[in-house]
There are 2 protein chains.
Amino acid sequence: MAVSKAEIERRMERLAQTCRGGRLKLTHQRMEVFRELAGAEDHPDAETIYQNVRRRVPAISRDTVYRTLATLEEQGLVHKAEILSGRGRYDANMEHHHHFICTECGRVHDFYSRTLDDLPIPRSVASFGRVESAQVQLRGICANCAKGKR
Amino acid sequence: MAVSKAEIERRMERLAQTCRGGRLKLTHQRMEVFRELAGAEDHPDAETIYQNVRRRVPAISRDTVYRTLATLEEQGLVHKAEILSGRGRYDANMEHHHHFICTECGRVHDFYSRTLDDLPIPRSVASFGRVESAQVQLRGICANCAKGKR
DNA sequence: TCTCTAAACAAGAATGATTCCTATTCAGGA
DNA sequence: TCCTGAATAGGAATCATTCTTGTTTAGAGA
Ligand SMILES: [Mn+2]
Ligand SMILES: [Mn+2]
Ligand SMILES: [Zn+2]
Ligand SMILES: [Zn+2]
């Protein structure tokens with residue numbers, strides 16, 4: 001099911017409010033990049049958004065799309081899935097475990113939890129496909145970074 | 001606490017067995033890359049592994065490190081944390097939700113679960129730092145890809 | 001409505017991580 | 001010991017993203 005017209009409108013309105021609230025300009029580019037996401041359910045990447053917006057705003061640049069997405073994320077208007085910097089991180093610990101990730105320095109800590117190993121997966125997920133692994137990701141600020149900030 | 005000598009030995013032995021089992025050669029480079037991970041607890045990235053192994057195998061190339069890590073992952077000897085291809089994926093849905101990710105095509109589906117929103121975080125995690133968000137990630141093969149394979 | 005200026009933008013170069021290419025080496029079975 | 005496919009070294013190429021520089025513009029204030 002697609003995002004409803006009403007929900008898209010509500011989201012666009014929230015963008016306008018947020019811009020007025022902060023000292024953000026409500027530019028054409030900003031609106032079109034956000035509109036693209038307001039109506040999407042498929043978690044498009046920056047390049048896809050760029051290609052779609054380009055049809056309406058031919059002169060828009062990739063940089064603007066990336067910059068705008070970062071701004072929207074800062075403002076809590078969109079959500080960036082995945083990612084912990086660009087680098088893959090490896091581990092020879094193959095016991096089932098979970099991760100605490102410091103969003104400041106990238107440190108990754110393992111933790112274990114019998115309860116979390118056996119999560120109750122909603123039945124609805126079955127319609128998406130076959131689940132092969134489940135993992136809990138905690139994000140936050142590690143003790144070290146918290147200390148450094150003071 | 002560091003990984004025990006005994007555990008490192010056990011892991012190195014498993015590498016040897018896996019290589020013998022498959023048609024994989026037990027090369028010097030392969031052993032040294034894995035040894036680096038067998039003793040580590042800090043989820044090093046490829047570059048860090050490269051720099052460390054280089055002290056023992058000066059001629060090793062980055063490509064070999066990357067290739068070896070991929071091989072070790074295929075063999076179930078190491079685990080790659082994070083990452084779903086290289087691209088960030090965006091979403092304007094800011095309700096708390098979780099993700100099902102198809103490891104084949106990268107499709108991302110949202111799902112909701114009151115139970116998963118309120119996970120029991122082990123007390124031990126508090127020592128790592130302050131948790132700011134918790135999210136469940138399911139990985140698997142989506143219905144579409146499963147169909148295509150047959 | 002007009003003016004002004006910090007914010008935002010376009011274009012393309014630069015960067016950083018990873019993968020690819022090609023010639024060379026070598027592990028390990030015969 | 002020999003042989004061959006697997007694996008490697010070194011460097012170019014690619015891909016996503018960020019940076020730099022000069023230009024445009026939203027919107028506050030006159
Ligand atoms: Mn781990
Ligand atoms: Mn989502
Ligand atoms: Zn940190
Ligand atoms: Zn798929």
**Q** Does A/Arg11 come within less than 4.0 Å of A/Glu7, counting only side-chain N to carboxylate O?
**A**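 Judged by the 4.0 Å cut-off on N to carboxylate O distance, A/Arg11 and A/Glu7 do form a salt bridge.
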**Q** Using a cut-off of strictly less than 4.0 Å, decide whether B/Tyr66 has a side-chain nitrogen or oxygen near OP1 or OP2 of C/dT19.
**A**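 Indeed not, no polar side-chain atom of B/Tyr66 lies that close.
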**Q** Taking only N and O in the side chain of B/Thr27, is any of them less than 4.0 Å away from OP1 or OP2 of D/dT8?
**A**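 Answer yes for this pair, as a side-chain N or O of B/Thr27 is under 4.0 Å from OP1 or OP2.
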**Q** Just the rounded figure in Å: distance from P of D/dA6 to CD of B/Gln75.
**A**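 In whole Å, D/dA6 P lies 14 Å from B/Gln75 CD.
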**Q** Does B/Gln29 put a side-chain nitrogen or oxygen below 4.0 Å from OP1 or OP2 of D/dA9?
**A**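 Indeed, a polar side-chain atom of B/Gln29 lies that close.
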**Q** Report the distance from atom CD of B/Glu32 to atom P of C/dC26, rounded to the nearest whole Å.
**A**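 Atom-to-atom, B/Glu32 to C/dC26, this comes out as 16 Å.
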**Q** Could you verify whether a donor N or O on one side chain and an acceptor N or O on the other, from B/Gln137 and B/His98, lie under 3.5 Å apart?
**A**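 No pair is found: no donor N or O on one side chain lies under 3.5 Å from an acceptor on the other.
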**Q** Please confirm whether the shortest side-chain N or O distance from B/Arg30 to OP1 or OP2 of D/dA7 is below 4.0 Å.
**A**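 Yes, because at least one side-chain N or O of B/Arg30 sits under 4.0 Å from OP1 or OP2 of D/dA7.
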**Q** Check the distance between C/dA27's C1' and B/Leu15's CG and give it to me in whole angstrom.
**A**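 Distance, rounded to whole Å: 14 Å.
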**Q** Can you tell me how far C1' of C/dG16 sits from OH of B/Tyr50, to the nearest Å?
**A**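 Nearest whole value for this atom pair: 15 Å.
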**Q** Please confirm whether the backbone N or O of A/Lys25 pairs with a side-chain atom of A/Arg30, one donor and one acceptor, at under 3.5 Å?
**A**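 Between the backbone of A/Lys25 and the side chain of A/Arg30 there is a qualifying donor-acceptor contact (under 3.5 Å).
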**Q** Does the side chain of B/Thr64 get closer than 4.0 angstrom to OP1 or OP2 of D/dT8 through an N or O atom?
**A**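 B/Thr64 to D/dT8 OP1/OP2: no side-chain N or O under 4.0 Å.
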**Q** Starting at atom CG of A/Leu26, determine the distance to atom C1' of D/dT24, rounded to an integer number of angstrom.
**A**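 Atom-to-atom, A/Leu26 to D/dT24, this comes out as 17 Å.
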**Q** Round to a whole Å and report the spacing from CE of A/Met31 to P of C/dA8.
**A**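 Rounded to whole Å, this separation is 14 Å.
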**Q** Once you round it to whole Å, what is the distance between P of D/dG27 and CZ of A/Arg20?
**A**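 Rounded to the whole Å, the gap is 9 Å.
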**Q** Could you say whether A/Pro58 or A/Arg23 is positioned toward the 5' end of DNA chain C, judged by the nucleotide with the nearest heavy atom to each?
**A**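 Checking each residue's closest nucleotide, the 5'-ward one belongs to A/Arg23.
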**Q** What is the distance from CZ of A/Arg62 to C1' of D/dT14, rounded to the nearest Å?
**A**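 Spelled out: CZ on A/Arg62 to C1' on D/dT14 is 13 Å.
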**Q** Is the backbone of A/Ala134 close enough, under 3.5 Å, to the side chain of A/His96 for a donor and an acceptor to pair up by distance?
**A**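 Present.
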**Q** Check if the side chain of A/Asp63 and the base of C/dC9 share a donor-acceptor pair of N or O atoms closer than 3.5 Å.
**A**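 Answer is no: no donor-acceptor pair is held.
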**Q** Verify salt bridge (charged side-chain N to carboxylate O under 4.0 Å, His left out) between A/Arg35 and A/Glu32, making sure each step is shown before the conclusion.
**A** CA-CA 5 Å; A/Arg35 190 191 308 285; A/Glu32 292 310 313; 3.4 Å; yes
**Q** From the options D/dG5, C/dG28, C/dA8, select the nucleotide whose nearest atom is closest to the side chain of B/Lys25.
**A**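 Nearest listed nucleotide: D/dG5.
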**Q** I want to check one thing: is the phosphate of C/dC9, taken as OP1 and OP2, less than 4.0 Å away from some side-chain N or O of A/Arg67?
**A**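 Yes, because at least one side-chain N or O of A/Arg67 sits under 4.0 Å from OP1 or OP2 of C/dC9.
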